[in-house]
Amino acid sequence: HWTQNRYALFRRLWRALYSLNSMKTSLKISIGNLEHGWFPITVTTESDELLIDASDVPIDPIIQLVEATEKCLFNNFESEAWMHLEPNYYKWQFVPSGNIVNLTINYVEENYSVSSPDNKVEKSQLVLTWSGEKKALLLSVWRGVKEFASREKDYLKVVAFLESKVNEKQ
């Protein structure tokens with residue numbers, strides 16, 4: 001019964017997405033094959049490309065990306081997603097402004113003082129910026145996760161969640 005409902009929901013959402021899916025966006029998020037707890041993630045804009053090998057420790061970067069996207073687009077809050085490299089990380093910051101989202105990705109290096117291990121120092125470097133419509137961000141995340149879920153079936157629920165959000169945007 002649950003599978004039939006899921007299938008019906010998928011078909012209904014697929015029809016709703018059909019017209020949006022052909023939309024070109026200036027942001028592309030690709031997620032490669034998960035290997036030994038590492039997610040190769042590529043972010044491409046019109047002018048830049050960033051490759052990240054993100055760890056699934058301490059938190060799954062795909063789930064964090066989806067949650068930050070939802071918080072930004074549907075609650076209109078600034079949000080963050082961290083892609084951990086152990087110990088350094090990439091910090092994705094989403095800032096909504098009306099129908100536009102500004103995305104910045106910073107590489108953050110964590111250093112600890114040898115004389116005082118409790119004294120953590122972070123250095124941050126801007127590595128990528130993008131600005132575009134909210135639906136372009138949503139479609140980019142949805143397409144990336146959907147393509148990834150075709151290989152990693154555990155993420156099909158995440159795709160269904162994103163499809164329901166895309167459907168809300170229409």
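Computed over heavy atoms, backbone and side chain alike; hydrogens, waters and symmetry mates excluded. This one's a predicted model, so the numbers in the text were calculated from it and none came from an experiment.
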Counting C-beta onward and ignoring hydrogens, is there a side-chain heavy-atom pair between [X] and [Y] closer than 4.5 Å?
X    : Y    : answer
E67  : F161 : no
V141 : L27  : no
L156 : D154 : no
D53  : P40  : yes

Cluster link [X] to [Y], ILVMFWY, side chain under 4.5 Å:
X    : Y   : answer
V57  : L34 : no
V66  : F74 : yes
L50  : I41 : yes
V43  : W82 : no
V145 : W38 : no

**Prompt:** Do T45 side-chain atoms and D48 backbone N/O form a donor-acceptor pair below 3.5 Å?
**Reply:** yes
**Asked** Within the distance-only criterion (no hydrogens, no angle test), does the side chain of E110 pair as donor or acceptor with the backbone N or O of N88 below 3.5 angstrom?
**Response** no
**Item:** P61 to A54 - nearest heavy-atom pair and separation
**Value:** CG-CB, 4.0 Å
**Message:** Restricting to non-hydrogen atoms, name the atom on N76 and the atom on G98 that form the minimum distance, rounded to 0.1 Å.
**Reply:** OD1-O, 4.4 Å
**Prompt:** Yes or no on side-chain contact (heavy atoms from CB on, under 4.5 Å) for M83 and L65, after CA distance, side-chain angles and deciding distance?
**Reply:** CA-CA 9 Å; M83 306 289 165; L65 175 62; 4.1 Å; yes
Between [atom1] of [X] and [atom2] of [Y], what distance do you get to the nearest 0.5 Å?
X    : Y    : atom1 : atom2 : result
N106 : Q93  : CG    : CD    : 5.5 Å
K134 : T69  : NZ    : OG1   : 12.0 Å
K28  : E49  : NZ    : CD    : 9.0 Å
I63  : K157 : CD1   : NZ    : 10.5 Å
H84  : K91  : NE2   : NZ    : 11.0 Å
L137 : L103 : CG    : CG    : 7.0 Å

**Fill in**
Paired with Y90, the side chain to side chain contact (heavy atoms under 4.5 Å, CB included) test is passed by just one of V108, V127, L128, namely V127
**Asked** For E163 and V159, what are the C-alpha separation, side-chain angles and deciding distance, and is it a side-chain contact (heavy atoms from CB on, under 4.5 Å)?
**Response** CA-CA 6 Å; E163 287 173 348; V159 172; 3.5 Å; yes
**Message:** The test is side-chain contact (heavy atoms from CB on, under 4.5 Å); show your working for S131 and V101 and say whether it passes.
**Reply:** CA-CA 6 Å; S131 186; V101 174; over 6 Å; no
**Request:** Please work out whether the ring planes of Y155 and F148 are parallel, tilted or perpendicular, with thresholds of 30° and 60°.
**Result:** perpendicular
**Request:** Tell me, with the steps shown, if T104 and L126 meet side-chain contact (heavy atoms from CB on, under 4.5 Å).
**Result:** CA-CA 7 Å; T104 58; L126 179 65; 4.0 Å; yes
**Request:** Would you check if the distance from the ring center of F94 to the ring center of F77 is below 6.0 Å?
**Result:** no
**Asked** Can you list the steps and then say if W92 with E80 is a side chain to side chain donor-acceptor pair (under 3.5 Å)?
**Response** CA-CA 5 Å; W92 300 41; E80 294 181 350; over 6 Å; no
